[in-house]
Amino acid sequence: MTEATVITPKDVRDAGFGDFFALLKPRVMSLVVFTALTGLLVAPVQVHPVIAFASILFIAVGAGAAGALNMWWEADIDALMKRTARRPVPAGRMSRQDALAIGVALSGVSVTMLGLAANLLAAGLLAFTIFFYAVVYSMWLKRTTPQNIVIGGAAGAFPPMIGWAVATGGVSVEAMLMCALIFLWTPPHFWALALFVKSDYANARVPMLTVTHGHRATRRHIMAYTLLMAPLAVGIGLTSIGGPVYLVVAIAMNAWFIRRSASVWLRGEADAEADGYRAEKSAFRFSINYLFVHFAALLAEAALRQFGMDIW
């Protein structure tokens with residue numbers, strides 16, 4: 001496929017429930033929900049279960065809204081990439097107009113209802129997150145700079161801060177550190193993927209680092225961001241939301257991540273192609289679990305404190 005598929009109204013088939021669900025990017029939504037829930041639960045203020053449930057629900061709806069707006073705007077380049085060509089809009093199961101309408105409607109509902117359920121700060125942060133992902137990242141950064149995933153990563157970093165704001169009505173150092181962890185994790189996570197799907201981004205003319213600077217530079221950047229991320233991740237264990245459980249987990253996970261990134265950094269392109277980018281795929285798969293394990297460890301520390309078992 002070398003040219004974008006043009007979808008006209010008569011070409012669009014009736015979308016099923018699965019298509020509407022896919023439009024919301026459920027895998028991205030699940031990460032948003034989990035990190036936002038962690039931010040809410042590790043905060044030093046307990047939230048009524050009904051308010052907590054409603055808040056997380058509307059944060060999830062907001063994440064889905066951002067995903068729908070992203071698919072509306074990127075339908076042309078999605079059609080050019082193998083891993084995205086079967087999404088509802090480029091595959092012709094849904095029109096771009098419908099994706100836009102759903103994204104706008106869900107954005108308004110999620111922000112308004114979060115403001116009513118929790119507070120205006122949390123709603124404002126959610127609105128800014130949707131705007132940043134849909135406009136700053138999707139409409140501007142994605143097609144103009146190889147730093148797209150670096151700057152755009154801020155959109156995925158805000159959910160724990162939103163969860164913290166739901167609980168406390170404010171923002172703290174701990175909330176910003178959780179955001180910083182996601183922000184620094186995003187580039188090596190996506191660049192590891194870009195190393196073995198380079199042709200996709202090149203075909204779609206997306207200026208991913210692998211396309212503009214090559215694989216060698218991308219490997220160096222993965223290593224650099226991993227080394228920046230590791231001390232921050234471990235340092236969270238020394239804050240009020242950390243503890244010995246988190247520290248052990250963070251030290252082990254980051255030592256392993258550094259090892260994986262080093263194996264990617266030291267490889268030549270010929271060796272990578274010869275074994276089907278095994279090390280790169282391994283690093284990418286590990287990075288998927290990296291955030292989940294860190295935030296699960298933070299939840300474990302919060303549970304220990306809840307039951308009076310805080311060791312610090």
Side-chain angles (χ1 to χ4, degrees), residues 28-49 51-60 62-63 66 110-111 114-115 117-133 136-137 150-187 189 225 228-243 245-247 249-250 253-254 290-306 310 312:
V28 175
M29 184 194 295
S30 64
L31 178 61
V32 168
V33 168
F34 183 62
T35 56
L37 179 63
T38 301
L40 188 153
L41 293 179
V42 303
V45 178
Q46 290 191 352
V47 181
H48 191 282
I51 295 176
F53 175 80
S55 298
I56 294 301
L57 174 62
F58 297 131
I59 292 171
S110 62
V111 172
L114 183 61
N119 54 69
L120 292 180
L121 176 61
L125 288 172
L126 179 61
F128 181 74
T129 300
I130 297 171
F131 171 81
F132 199 95
Y133 186 69
V136 177
Y137 170 67
V150 177
I151 306 170
F158 287 124
M161 186 180 292
I162 300 173
W164 187 282
V166 167
T168 67
V171 174
S172 71
V173 171
E174 291 87 351
M176 290 188 285
L177 286 174
M178 287 187 284
C179 291
L181 177 59
I182 301 174
F183 180 79
L184 291 176
W185 163 85
T186 302
H189 169 69
Y225 272 87
L228 287 172
M229 177 179 64
L232 183 142
V234 174
I236 291 175
L238 303 177
T239 68
S240 65
I241 61 174
V245 173
Y246 175 86
L247 270 177
V249 168
M253 290 293 289
N254 284 276
Y290 176 91
L291 275 187
F292 172 79
V293 173
H294 278 76
F295 279 82
L298 289 175
L299 287 177
E301 292 288 0
L304 289 174
R305 286 190 292 273
Q306 181 71 22
D310 189 6
W312 278 161

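In this text, all values refer to a predicted model and were calculated from it rather than measured experimentally.
When side chains are defined from C-beta on, Leu114 counts as touching Ser55, because their heavy atoms get closer than 4.5 Å. No side-chain heavy atom of Ile151 sits under 4.5 Å from any side-chain heavy atom of Tyr137. Under the 4.5 Å side-chain criterion, counting only non-hydrogen atoms from C-beta, Glu174 is not in contact with Val42. Residues Ile241 and Glu301 fail the side-chain proximity criterion, which asks for heavy atoms closer than 4.5 Å.
Pairing each heavy atom of Ala167 with each of Leu40, the nearest pair is CB-O, 3.8 Å. Across all non-hydrogen atoms, the minimal contact from Asn254 to Ala230 is OD1-CA, 3.3 Å. Between Ala157 and Cys179, the closest heavy-atom pair is O-SG, 2.9 Å. In this structure, Leu298 and Tyr246 approach most closely via the heavy-atom pair CD2-CD1, 3.6 Å. The two residues Val32 and Ala63 make their nearest non-hydrogen contact at CG1-CB, 3.8 Å. Contact record, Ala122 with Val166: CB-CG2, 3.7 Å, taken as the closest heavy-atom pair.
In this structure, CE in Met229 is found 9.5 Å from OG1 in Thr186, a value given to the nearest 0.5 Å. For the atom pair Leu291 CG and Thr38 OG1, the distance stands at 10.0 Å (nearest 0.5 Å). Interatomic distance, CG of Leu126 versus CD1 of Ile162, reported as 5.0 Å (0.5 Å rounding). Here the straight-line distance linking atom OG1 of Thr35 with atom CZ of Phe158 works out to 12.0 Å at 0.5 Å rounding. To the nearest 0.5 angstrom, Trp164 atom CH2 is 11.5 Å from Leu41 atom CG. A distance of 9.5 Å separates CE of Met178 from CG of Leu181, quoted to the nearest 0.5 Å.
Ala155 meets the side chain to side chain contact (heavy atoms under 4.5 Å, CB included) test with Phe132, Tyr133; sequence neighbours excluded.
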Please report the C-alpha distance between Val111 and Phe131 in whole Å, then the side-chain angles of each, then the deciding distance to 0.1 Å, and finally whether the side-chain contact (heavy atoms from CB on, under 4.5 Å) criterion is met.
CA-CA 11 Å; Val111 172; Phe131 171 81; over 6 Å; no
Apply side-chain contact (heavy atoms from CB on, under 4.5 Å) to Val171 and Leu121, showing your working.
CA-CA 9 Å; Val171 174; Leu121 176 61; 4.2 Å; yes
Evaluate the criterion side-chain contact (heavy atoms from CB on, under 4.5 Å) for residue pair Phe34 and Leu299; output intermediate values, then yes/no.
CA-CA 10 Å; Phe34 183 62; Leu299 287 177; 3.7 Å; yes
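Among the candidates Leu232, Leu238, Val234, the single residue satisfying the side chain to side chain contact (heavy atoms under 4.5 Å, CB included) test with Ile236 is Leu232.
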